[in-house]
A.B. asks: 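I'd like to ask you about the structure that follows.
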Amino acid sequence: MGFTIGGIREMRSGSRRRGRTTECTAVAEYTGLWGWDVVPGAVPAARASGGRCSCDEPDCASPGAHPLAFSPEVSAGATLDDVTKAWSEVPGAAVLLPVGRGFDIIDVAEPAGSRALVRLERMGLPLGPVLVTPTGRAHFFVAPGAAAELPELLYRMGWDDADLDLHGLGPGAYVLAPPSEVTGLGPVRWLRPPSLDTAEPPPARLLLGTLAYICHRLA
């Protein structure tokens, strides 16, 4: 069973093999080292290209941010051999991480996320991984349940009435992970990669005050 990127482009066989090797290695690290489930996903296109999704559904509700209907997820603990076998069925698929299992996400604009990260590091607060997307968003990994708790936390901190570009992503959402890319815009990258120090996401309350303050300052 193959997968084509909706006619976006045709890849050379050598490049495809190299790309698949990179994807498999990254996915095996996510499943084997960090204990995350991974889902082969549709590929997002740049808004300049109409924002179309590789599933070729004209009314796709989540372009490039949903699993492939015909491909099962790769579970946490999967080995490199397991991953290679699974990804051989879906060459070119995006690497998606399901949110709401090992982590939730606090989503902010990249400029706010970059400034907040510097401040949080100086404060010595525990931090989880942080992703940056080529569409200009920063995704802070926080403990599961954060998305549901976010309105109450913002209320307690006095930020509930502020117009903040800050959102929580929880169960049912997916985030695009390296080495995937948005066609025409570039790759997703780690602003703070997972490691032994960052793979365990912190409670959202430890980061939220700083993130809200920076978002407010840059609004």
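Computed from a predicted model, the values in this text were never measured in an experiment. Atom set for the values below is all heavy atoms of this structure, side chains included, hydrogens, waters and symmetry mates excluded.
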A.B. asks: Got Val130 and Trp190 here, is their nearest side-chain heavy-atom distance under 4.5 Å?
C.D. replies: no
A.B. asks: Is the number of heavy atoms from other residues, nucleotides or ligands under 6.0 Å of Glu110 CD greater than 12?
C.D. replies: yes
A.B. asks: According to a hydrophobic-cluster definition based on side-chain heavy atoms being under 4.5 Å apart (Ile, Leu, Val, Met, Phe, Trp, Tyr only), do Leu169 and Leu117 belong together?
C.D. replies: no
A.B. asks: Short question: side chain of Thr198, backbone of Pro193 - any donor-acceptor pair under 3.5 Å?
C.D. replies: yes
A.B. asks: Any heavy-atom pair between the side chains of Thr135 and Leu185 that's under 4.5 Å?
C.D. replies: yes
A.B. asks: Could you work out, with side-chain contact (heavy atoms from CB on, under 4.5 Å) as the rule, every residue matching Asp165, not counting sequence neighbours?
C.D. replies: Ala109, Arg137, His167
A.B. asks: Show the nearest heavy-atom pair for residues Val43 and Glu181, with the distance to one decimal.
C.D. replies: CG1-O, 4.5 Å
A.B. asks: Considering all heavy atoms of both residues, which atom of Ala204 and which atom of Ala146 are nearest to each other, and what is their separation?
C.D. replies: CB-CB, 3.6 Å
A.B. asks: Should the pair Trp36 and Tyr30 be assigned to parallel (<30°), tilted (30 to 60°) or perpendicular (>60°) ring geometry?
C.D. replies: tilted
A.B. asks: Quick one, Ile106 and Val108 - any side-chain contact, counting heavy atoms below 4.5 Å?
C.D. replies: yes
A.B. asks: Give a yes-or-no answer on whether the side chains of Asp81 and Thr84 include a donor-acceptor pair shorter than 3.5 Å.
C.D. replies: no
A.B. asks: Give, for atom OG of Ser75 and atom CG of Asp37, the distance between the pair rounded to the nearest 0.5 Å.
C.D. replies: 5.0 Å
A.B. asks: Could you state whether Trp87 and Leu80 fall into the same hydrophobic cluster, counting links through intermediate Ile, Leu, Val, Met, Phe, Trp or Tyr residues with side-chain heavy atoms under 4.5 angstrom apart?
C.D. replies: no
A.B. asks: Under the side-chain contact (heavy atoms from CB on, under 4.5 Å) criterion, do Phe103 and Val142 qualify, and how do the steps go?
C.D. replies: CA-CA 6 Å; Phe103 58 85; Val142 290; over 6 Å; no
A.B. asks: Can you confirm whether more than 12 heavy atoms, excluding those of Arg101, are under 6.0 Å from its CZ atom?
C.D. replies: yes
A.B. asks: Are Leu131 and Phe141 side-chain neighbours, meaning at least one heavy-atom pair lies under 4.5 Å?
C.D. replies: yes
A.B. asks: Locate the shortest heavy-atom distance separating Gly128 from Arg192; write the atom from each residue and the value.
C.D. replies: O-CD, 3.4 Å
A.B. asks: In the structure I gave you, are the side-chain heavy atoms of Leu96 and Val38 within less than 4.5 Å of one another anywhere?
C.D. replies: no
A.B. asks: Rounded at 0.5 Å granularity, tell me how far CG in Leu164 sits from CG in Leu150.
C.D. replies: 9.5 Å
A.B. asks: Count I, L, V, M, F, W, Y as connected when their side-chain heavy atoms are under 4.5 Å apart, and connections chain through other members. Are Leu211 and Leu154 then in the same cluster?
C.D. replies: yes
A.B. asks: So, does Ser88 use its side chain to make a donor-acceptor pair with the main chain of Lys85 at under 3.5 Å?
C.D. replies: yes
A.B. asks: Are Val90 and Val188 linked, directly or through other ILVMFWY residues, by side chains that come within less than 4.5 angstrom of each other?
C.D. replies: yes
A.B. asks: In sequence, state the C-alpha distance, the side-chain angles, and the governing distance for Val83 and Thr31, and then conclude on side-chain contact (heavy atoms from CB on, under 4.5 Å).
C.D. replies: CA-CA 9 Å; Val83 171; Thr31 59; 4.1 Å; yes
A.B. asks: With a 4.5 Å cut-off on side-chain heavy-atom distances among I, L, V, M, F, W and Y, is there a chain of contacts connecting Met157 to Leu207?
C.D. replies: yes
A.B. asks: What heavy-atom pair brings Ser71 and Pro40 nearest, and what distance separates the two atoms?
C.D. replies: OG-CG, 3.4 Å
A.B. asks: Would you compute the distance between atom NE2 of His139 and atom CG of Asp104 and round it to the nearest 0.5 angstrom?
C.D. replies: 12.5 Å
A.B. asks: Would you call Pro179 and Glu23 a side-chain contact if the rule is heavy atoms closer than 4.5 Å?
C.D. replies: yes
A.B. asks: I need the minimum non-hydrogen distance between Pro178 and Ala26, along with the two atoms involved.
C.D. replies: O-CB, 3.9 Å
A.B. asks: Nearest 0.5 Å, please: how far is CD in Glu121 from CG in Leu127?
C.D. replies: 6.0 Å
A.B. asks: Check step by step if side-chain contact (heavy atoms from CB on, under 4.5 Å) holds for Val39 and Val95.
C.D. replies: CA-CA 6 Å; Val39 180; Val95 177; over 6 Å; no
A.B. asks: For a quick test of reading the model, state the closest non-hydrogen atom pair linking Pro134 to Gly186 and the distance between them.
C.D. replies: CG-O, 3.2 Å
A.B. asks: Considering only heavy atoms from C-beta outward, does the side chain of His66 approach that of Tyr174 to under 4.5 Å?
C.D. replies: no
A.B. asks: Nearest 0.5 Å please: distance from the CG atom of Leu206 over to the CE atom of Met123.
C.D. replies: 9.5 Å
A.B. asks: What pairs with Glu29 under salt bridge (Lys or Arg N to Asp or Glu O under 4.0 Å), at least two apart in sequence or on another chain?
C.D. replies: none
A.B. asks: Taking atom CZ of Phe140 and atom CG of Leu166, what is their separation to the nearest 0.5 Å?
C.D. replies: 9.5 Å
